[in-house]
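This report refers to the structure that appears directly beneath it.
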Amino acid sequence: MTSSQRVAAALERRQPDKVPVVEFVVDQQVRQKLVPEAQDNGDFCEKVGLDGVGCGATFREVDRDGPYSTDEWGVTYKDNPEAVKHPVRGPIESLSDLRRYTPPDPGAPWRLGQLPDYVTRYKG
């Protein structure tokens, strides 16, 4: 099976020839040390022979106060050296917060980040 066939089989709950390997987040510093010529996560995954490329949704930062940032969903994060920031506070702490909360557009055209480019690059 090819990588694409292997991942598709697993997603369709069929048995692939082997377990597909996909790493959704590889810290940029780790990628640069392992494969310095990799231009992005897709390039890294391809060069190390993974079966798929992971990418996440894009959440825009709307406020920053020192090491703290708040995204458009109202989630506050504290900077850290890791690839993924961990939330320290959410936007809803009470029923009244929930009643006032208006989420941003989940279908915003930029929400999918690199996914449209990866779909084109890896032909679907």
Side-chain angles (χ1 to χ4, degrees):
M1 293 183 131
T2 66
S3 289
S4 293
Q5 292 168 333
R6 188 172 298 119
V7 171
L11 291 173
E12 293 166 359
R13 301 183 70 167
R14 293 184 289 113
Q15 186 167 338
D17 62 339
K18 62 183 181 178
V19 175
V21 178
V22 179
E23 179 61 53
F24 285 96
V25 178
V26 179
D27 187 273
Q28 184 176 356
Q29 293 176 34
V30 172
R31 290 192 326 247
Q32 287 175 335
K33 294 283 186 189
L34 293 174
V35 185
E37 68 275 13
Q39 298 298 309
D40 60 18
N41 189 52
D43 199 27
F44 172 82
C45 291
E46 209 170 357
K47 289 183 185 318
V48 299
L50 298 182
D51 291 308
V53 175
C55 66
T58 300
F59 304 115
R60 291 188 171 166
E61 183 179 293
V62 296
D63 187 43
R64 175 159 285 280
D65 183 14
Y68 296 93
S69 62
T70 303
D71 71 13
E72 62 190 308
W73 295 83
V75 177
T76 300
Y77 303 86
K78 184 176 182 187
D79 291 342
N80 64 54
E82 306 299 323
V84 177
K85 295 180 192 178
H86 297 281
V88 295
R89 186 175 51 251
I92 301 169
E93 296 178 359
S94 68
L95 185 57
S96 61
D97 290 341
L98 176 60
R99 288 186 177 126
R100 287 190 308 270
Y101 185 71
T102 303
D105 179 7
W110 45 264
R111 180 75 61 216
L112 297 177
Q114 287 186 286
L115 182 60
D117 295 333
Y118 284 158
V119 169
T120 300
R121 180 173 171 179
Y122 297 107
K123 300 170 184 61

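- For the atom pair Glu93 CD and Leu98 CG, the distance stands at 12.5 Å (nearest 0.5 Å).
- Atom SG of Cys55 and atom CG of Leu112 lie 8.0 Å apart (nearest 0.5 Å).
- Counting heavy atoms of neighbouring residues, nucleotides and ligands inside a 6.0 Å radius, atom CD of Gln15 does not exceed 12 of them.
- Looking only at side-chain heavy atoms (C-beta outward), Val88 and Tyr77 stay at 4.5 Å or farther from each other.
- Side-chain atoms of Tyr122 come within 3.5 Å of backbone N or O of Gly42 as a donor-acceptor pair.
- For Tyr101 (side chain) and Trp73 (main-chain N/O), a donor-acceptor pair under 3.5 Å exists by modelled atom type.
- At least one donor-acceptor pair closer than 3.5 Å links the side chain of Glu72 to the backbone N or O of Arg60.
- Looking at residues two or more places apart in sequence or on another chain, you find no side-chain hydrogen bond (donor to acceptor under 3.5 Å, both in side chains) involving Glu82.
- Across all non-hydrogen atoms, the minimal contact from Cys45 to Gly52 is CB-O, 3.8 Å.
- Counting non-hydrogen atoms of neighbouring residues, nucleotides and ligands closer than 6.0 angstrom, the CG atom of Asp65 reaches no more than 12 such neighbours.
- Listed for the Thr120 side chain is a donor-acceptor partner under 3.5 Å among the backbone atoms of Pro116.
- Partners of Asp51 under the side-chain hydrogen bond (donor to acceptor under 3.5 Å, both in side chains) rule, at least two apart in sequence or in another chain, are Ser3, Arg6.
- Between Leu115 atom CG and Arg121 atom CZ the span is 12.5 Å, to the nearest 0.5 Å.
- More than 12 heavy atoms of other residues, nucleotides or ligands sit less than 6.0 Å from atom CD of Gln32.
- With a 4.5 Å cut-off on side-chain heavy atoms, Glu23 and Val26 count as touching.
- A salt bridge links Asp79 with Arg64: the closest approach of a Lys/Arg side-chain nitrogen to an acidic carboxylate oxygen falls below 4.0 angstrom.
- Of the inter-residue distances, the one linking Asp71 atom CG with Asp63 atom CG reads 11.0 Å to the nearest 0.5 angstrom.
- Between Asp43 and Lys47 there is a salt bridge, since a side-chain N of the basic residue sits under 4.0 Å from a carboxylate O of the acidic one.
- A salt bridge does not link Lys33 with Asp27: none of the charged nitrogens is closer than 4.0 Å to a carboxylate oxygen.
- Side-chain contact between Arg31 and Pro36 is absent, with no heavy-atom pair separated by less than 4.5 Å.
- Judged by distance alone, the side chain of Arg89 and the main-chain N or O of Thr70 form no donor-acceptor pair under 3.5 Å.
- Distance CD/Gln28 to CZ/Phe44: 11.5 Å, rounded to 0.5 Å.
- Within the 4.5 Å cutoff, the side chain of Val48 has heavy atoms near those of the Val35 side chain.
- Of the possible polar contacts, one joining the Arg111 side chain to the Thr58 backbone as a donor-acceptor pair under 3.5 Å is found.
- Looking at Val75 and Pro91, their side chains come closer than 4.5 Å, going by heavy atoms from C-beta outward.
- For Ser94 and Ser96, the side-chain atoms include at least one donor-acceptor pair closer than 3.5 Å.
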